[in-house]
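Notes follow the structure.
One-based numbering along the sequence shown. Below, each value reflects all heavy atoms present in this structure, side chains not excepted, and no hydrogens, waters or symmetry copies.
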Amino acid sequence: MICDFIPVSVVDFPGNVAATVFVSGCNFRCPYCHNSSIIGNKNGFSGRTSVLPKSPSEEVINYLKRRKKLIDGVCITGGEPTLWRGLKEFITEIKTLGLKVKLDTNGSRPDVLKELIQEELIDYVAMDIKAPICKYRLFTLDERDILNVQKSAEVILLYGTPNGKIIYEFRTTVHEKILEPNDFVLIGEWLSGASKYVLQGYRYSPEVLDVNFCGTKPCDIYFLNRAKTVLSKYFKEILIRS
């Protein structure tokens with residue numbers, strides 16, 4: 001369910017002014033996760049906003065009705081939004097307001113992703129690529145999730161821009177203890193031809209899931225640029241996003 005809400009953001013939905021909705025619960029355990037307070041949370045708001053509604057979905061929709069002429073869309077993130085049974089109904093309500101929808105996902109629910117795309121309920125998908133497939137056991141031990149990540153990537157490449165139904169990006173949070181230069185070769189070979197790939201350097205925050213492993217030092221920009229160089233032969237556009 002919805003556990004947090006940012007009324008206005010200019011960074012979460014590229015090219016758009018958006019509200020950002022956080023959905024609690026996640027089936028992955030990424031050591032650098034900066035939303036660790038909500039990955040196992042099933043009920044209620046996390047407390048990062050001043051709004052504590054009894055019905056979060058209704059409260060958010062009411063806000064969007066009032067502000068729909070001032071924002072372009074809604075970014076739905078988490079946690080992992082595709083685990084929420086109410087996701088499709090919530091997005092349908094947003095679309096009836098004439099707003100665009102961006103979905104952030106770890107790719108573990110390809111059937112949900114495909115349905116939302118086919119029914120034209122989402123406009124933009126950002127799928128996290130944690131690592132090459134051979135390292136996904138660092139994030140989940142469920143073999144089904146690992147297989148589903150591969151299926152979701154196939155769905156996005158099938159339906160994505162320039163000729164498909166959605167705009168998309170693949171993105172990787174880069175931590176030097178997890179990824180090495182050859183891992184980016186494997187990622188590039190896996191997703192070769194994708195239109196957009198984003199590298200995000202690890203940055204410490206108080207909510208990092210495993211600070212003992214991740215530490216407080218940010219990812220070295222030299223390492224990020226090296227990764228970008230390795231990936232440049234595989235993708236049309238590569239960004240380093242702070």
Side-chain angles (χ1 to χ4, degrees), residues 1-30 33-128 145 148 152 155-156 159 165-169 171 207 209:
M1 66 177 295
I2 294 174
C3 66
D4 211 343
F5 176 57
I6 298 175
V8 179
S9 169
V10 295
V11 297
D12 292 325
F13 193 157
N16 294 276
V17 177
T20 301
V21 173
F22 294 84
V23 177
S24 62
C26 189
N27 51 340
F28 283 15
R29 291 297 180 268
C30 306
C33 178
H34 59 271
N35 285 333
S36 61
S37 65
I38 70 172
I39 62 176
N41 183 18
K42 298 296 184 183
N43 296 292
F45 268 43
S46 67
R48 290 189 296 175
T49 67
S50 60
V51 183
L52 295 169
K54 294 181 179 179
S55 178
S57 298
E58 182 179 351
E59 183 72 14
V60 171
I61 292 297
N62 286 338
Y63 167 83
L64 295 175
K65 287 178 179 178
R66 297 192 301 268
R67 308 290 288 182
K68 63 182 181 180
K69 293 184 179 180
L70 301 175
I71 61 175
D72 304 308
V74 179
C75 172
I76 304 175
T77 189
E80 175 48 43
T82 60
L83 299 177
W84 178 31
R85 292 181 180 179
L87 179 64
K88 181 179 177 180
E89 180 182 355
F90 179 64
I91 293 177
T92 300
E93 289 193 73
I94 294 173
K95 296 298 287 184
T96 62
L97 300 176
L99 296 171
K100 292 182 282 188
V101 174
K102 172 177 176 274
L103 179 71
D104 292 349
T105 181
N106 63 22
S108 61
R109 293 295 181 269
D111 293 344
V112 174
L113 180 61
K114 185 175 182 179
E115 181 181 14
L116 294 174
I117 294 173
Q118 287 182 329
E119 297 189 17
E120 300 185 356
L121 291 174
I122 50 178
D123 304 277
Y124 196 118
V125 175
M127 178 175 161
D128 292 322
D145 286 340
N148 282 337
S152 288
V155 168
I156 290 173
Y159 289 100
K165 293 178 178 290
I166 55 163
I167 300 171
Y168 71 90
E169 66 182 55
R171 62 188 187 184
E207 286 199 23
L209 181 62

Item to check | Interatomic spacing from OG1 in T82 to CG in D111 - rounded to 0.5 Å | outcome: 10.0 Å
Next on the checklist: Using 0.5 Å steps for rounding, measure from the OG1 atom of T105 to the CG atom of D128.
Outcome noted: 7.5 Å
Checklist entry - Just by distance, do the side chain of T20 and the backbone of C75 share a donor-acceptor pair under 3.5 Å? => result no
Checklist entry - When you look at L83 and V23, which way does the side-chain contact (heavy atoms from CB on, under 4.5 Å) test go after all the steps? => result CA-CA 9 Å; L83 299 177; V23 177; over 6 Å; no
Next on the checklist: For the backbone of V60 and the side chain of N62, can you confirm whether one donor and one acceptor N or O come within less than 3.5 Å of each other?
Outcome noted: no
Checklist entry - To the nearest 0.5 Å, what is the distance between CD1 (I61) and OG1 (T96)? => result 7.0 Å
Checklist entry - According to the ring-ring contact (aromatic ring centres under 6.0 Å, His included) rule, which pairs have a member within residues 86-116, sequence neighbours left out? => result W84-F90
Checklist entry - With E89, which residues qualify under salt bridge (charged side-chain N to carboxylate O under 4.0 Å, His left out), at least two apart? => result none
Checklist entry - So, D72 side chain and A18 main chain: donor-acceptor pair closer than 3.5 Å or not? => result no
Item to check | Verdict with reasoning, D104 to E80, per side-chain contact (heavy atoms from CB on, under 4.5 Å) | outcome: CA-CA 8 Å; D104 292 349; E80 175 48 43; over 6 Å; no
Item to check | Residues N106 and N27: side-chain donor-acceptor under 3.5 angstrom | outcome: yes
Next on the checklist: Between K165 and D123, does any NZ, NE, NH1 or NH2 come within less than 4.0 Å of an OD or OE carboxylate oxygen?
Outcome noted: no
Item to check | Closest non-hydrogen atom pair, L209 against C30 | outcome: CD2-O, 3.4 Å
Item to check | Heavy-atom closest pair, residues D145 and S108 | outcome: OD1-CB, 3.9 Å
Next on the checklist: Measuring only between side-chain heavy atoms, which start at C-beta, is V17 closer than 4.5 Å to V8?
Outcome noted: yes
Item to check | Least distance between heavy atoms, F5 atom then V21 atom | outcome: CD1-CG2, 3.8 Å
Checklist outcome for this item: When every non-hydrogen atom of Y159 is compared with those of K114, the smallest separation belongs to OH-CE, 3.6 Å
Checklist entry - Hey, mind stepping through I71 and L64 against side-chain contact (heavy atoms from CB on, under 4.5 Å) and telling me if it holds? => result CA-CA 8 Å; I71 61 175; L64 295 175; 3.6 Å; yes
Checklist outcome for this item: Interatomic distance, CG@D12 vs CD1@I76, rounded to 0.5 Å, equals 12.0 Å
Item to check | Verdict with supporting geometry, L121 and L103, side-chain contact (heavy atoms from CB on, under 4.5 Å) | outcome: CA-CA 10 Å; L121 291 174; L103 179 71; over 6 Å; no
Item to check | Nearest heavy-atom neighbours spanning V125 and I122 | outcome: CG2-CD1, 3.5 Å
Next on the checklist: Is it the case that atom CD in E58 sees more than 12 heavy atoms from other parts of the structure closer than 6.0 Å?
Outcome noted: no
Item to check | Y168 side chain vs M127 backbone, donor-acceptor pair below 3.5 Å | outcome: no
Item to check | Partner set under salt bridge (charged side-chain N to carboxylate O under 4.0 Å, His left out) for E115, not counting sequence neighbours | outcome: K88
Checklist entry - Judged by atom type as modelled, is there a donor-acceptor pair below 3.5 Å linking the side chain of K102 to the main-chain atoms of G73? => result no
Next on the checklist: Minimum heavy-atom separation for N35 and F22, please, with both atom names.
Outcome noted: ND2-CE2, 3.8 Å
Checklist outcome for this item: When rounded to the nearest 0.5 Å, the distance separating CZ of R109 from CG of L87 is 12.5 Å
